[in-house]
Amino acid sequence: MRITVRELYHDTYYFFSKQIKMIIFISISVTFLNIFLEMLFQPDMHISSIIENNHFINANSLLELINNMNIYEKHQLLKYSIVKIMIFLTSKTILTSSIITLILFLSNMIKDSIISLIYSFLSFLPSLFMLNFLTVIIIQLGLMLFVVPGVLLSIILPLSPIILSFKHGGLISSIRTSMYLSWKHIKIIGPGVLFWIFGKFFITILFLSYMHVMNKNIILFMLNISINIIFSILIIYLFRFYMIFIRS
């Protein structure tokens, strides 16, 4: 069966329109979880003041800012950075797992019971978290060394959680298969991932432009929900691609 971008767009739109309430509910729930975790693991007050005062932006470089810190401040900044990464990975993992579990459930790949649904969701979380951890490290290394390879990795790696959900291999195998399939079908995978990247960029710019006229917390709350919804659309798109691929 030949896979086309138009067909995937149509299937993604159809599924999203039918399940929009559930997807919005999941996106809001993950956003609340993210807020709760950030409140639970608030950074040192001094580090918070540096961040709030935009010292990261005003400094000539991040290295200059770090060099001007004492040992305690550096330690607190490191702890804050690690916590932020863990919160990001946790939120991304739960969002991805929720959307994949929803699709599997509606596709009758999970037995029609709440217990099997919950079990499938919880059993998928640990391995998906580790997979997200690995892919984030790989992408960030690519962006740090060369921008273009980093963007390319951002395109060829997002299929790995879908492959992992079908239990067609372990973590490394899922990453390798994702890279192979995405590169082979880059004309199909690329538009979906680029939609996610540019959609996230434009929505962020749009919401931040209202920062001076609306409450900051409300803006960030709505921004996180919108980004979660767009990411959910990407997961649906990639999932549909892989379903058609394994059936063809």
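None of the values given here were measured: they were computed from a predicted structure.
- Considering CZ of Phe16 and CD1 of Ile20, their distance stands at 4.0 Å, rounded to 0.5 Å.
- Considering every non-hydrogen atom in both Pro158 and Ile155, the closest pair reads CD-O, 3.4 Å.
- Within a 6.0 Å sphere centred on CE of Met86, other residues, nucleotides and ligands contribute more than 12 heavy atoms.
- Scanning all heavy atoms of the two residues, the minimum distance from Ile99 to Ile26 falls at CD1-CD1, 4.0 Å.
- The distance from the NZ atom of Lys18 to the CD1 atom of Ile23 is 13.0 Å, given to the nearest 0.5 Å.
- Between atom NE2 of residue His185 and atom CG of residue Leu159 there is a gap of 9.5 Å, rounded to the nearest 0.5 Å.
- Two different hydrophobic clusters hold Tyr13 and Trp196 under the rule that ILVMFWY side chains link at heavy-atom gaps under 4.5 Å.
- Side-chain N or O atoms of Thr177 include none that pairs as donor or acceptor with a backbone N or O of Ser174 at under 3.5 Å.
- With contacts defined as side-chain heavy-atom distances shorter than 4.5 Å, the pair Ile230/Phe195 qualifies.
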Leu134 vs Ile172, side chain to side chain contact (heavy atoms under 4.5 Å, CB included): CA-CA, chis, key distance, verdict: CA-CA 9 Å; Leu134 291 174; Ile172 304 301; 4.3 Å; yes
Do Phe207 and Met222 pass the side chain to side chain contact (heavy atoms under 4.5 Å, CB included) test, and can you show the C-alpha distance, the side-chain angles, and the key distance before you say yes or no? CA-CA 8 Å; Phe207 274 96; Met222 297 301 296; 3.4 Å; yes
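- By the 4.5 Å heavy-atom criterion applied to side chains, Glu7 and His10 are not counted as neighbours.
- Within a 6.0 Å sphere centred on CZ of Phe133, other residues, nucleotides and ligands contribute 12 heavy atoms or fewer.
- Looking at Glu38 and Lys84, their side chains come closer than 4.5 Å, going by heavy atoms from C-beta outward.
- Two residues are said to be in side-chain contact when any heavy atoms from C-beta on lie closer than 4.5 Å; Gln19 and Leu106 meet this criterion.
- Residues Asn132 and Thr96 have side chains that never bring a donor and an acceptor to within less than 3.5 angstrom of each other.
- Summarising the geometry, atom CG belonging to Asn224 is positioned 6.5 Å from atom CD1 belonging to Ile35; distances are rounded to the nearest 0.5 Å.
- Side-chain contact between Arg247 and Met243: present, with at least one pair of heavy atoms (C-beta onward) separated by less than 4.5 Å.
- Closest approach of Ser165 to Phe239, counting heavy atoms only: OG-CE1, 4.1 Å.
- Between the side chain of Ser97 and the main chain of Phe124, no donor-acceptor pair closer than 3.5 Å is present.
- Tyr237 and Tyr14 are not part of a single hydrophobic cluster, where members link through side-chain heavy atoms under 4.5 Å apart.
- The shortest non-hydrogen separation linking Ile188 to Leu8 is CG2-CD1, 3.2 Å.
- Taking OG of Ser29 as the reference point, atom CG of Asn34 lies at 12.5 Å (rounded to 0.5 Å).
- Below 30°, between 30° and 60°, or above 60°: for Tyr242 and Phe166 the angle between ring planes is above 60°, a perpendicular geometry.
- Looking only at distances, no side-chain donor or acceptor of Ser182 sits under 3.5 Å from a matching main-chain atom of Met179.
- The two residues Leu223 and Thr204 have their closest heavy-atom pair at CD1-CA, 3.6 Å.
- Inter-residue side-chain proximity for Phe231 and Asn228 is flagged as unmet; no heavy-atom pair is nearer than 4.5 Å.
- The minimum heavy-atom distance between Thr135 and Ser160, with the atom names listed, is CG2-OG, 3.8 Å.
- Residues Ile156 and Ile189 have side chains not in contact (no heavy-atom distance under 4.5 Å, counting atoms from C-beta outward).
- To the nearest 0.5 Å, atom CG of residue Leu128 and atom CG of residue Leu171 are 9.5 Å apart.
- Ile244 places a side-chain heavy atom less than 4.5 Å from the side chain of Asp11.
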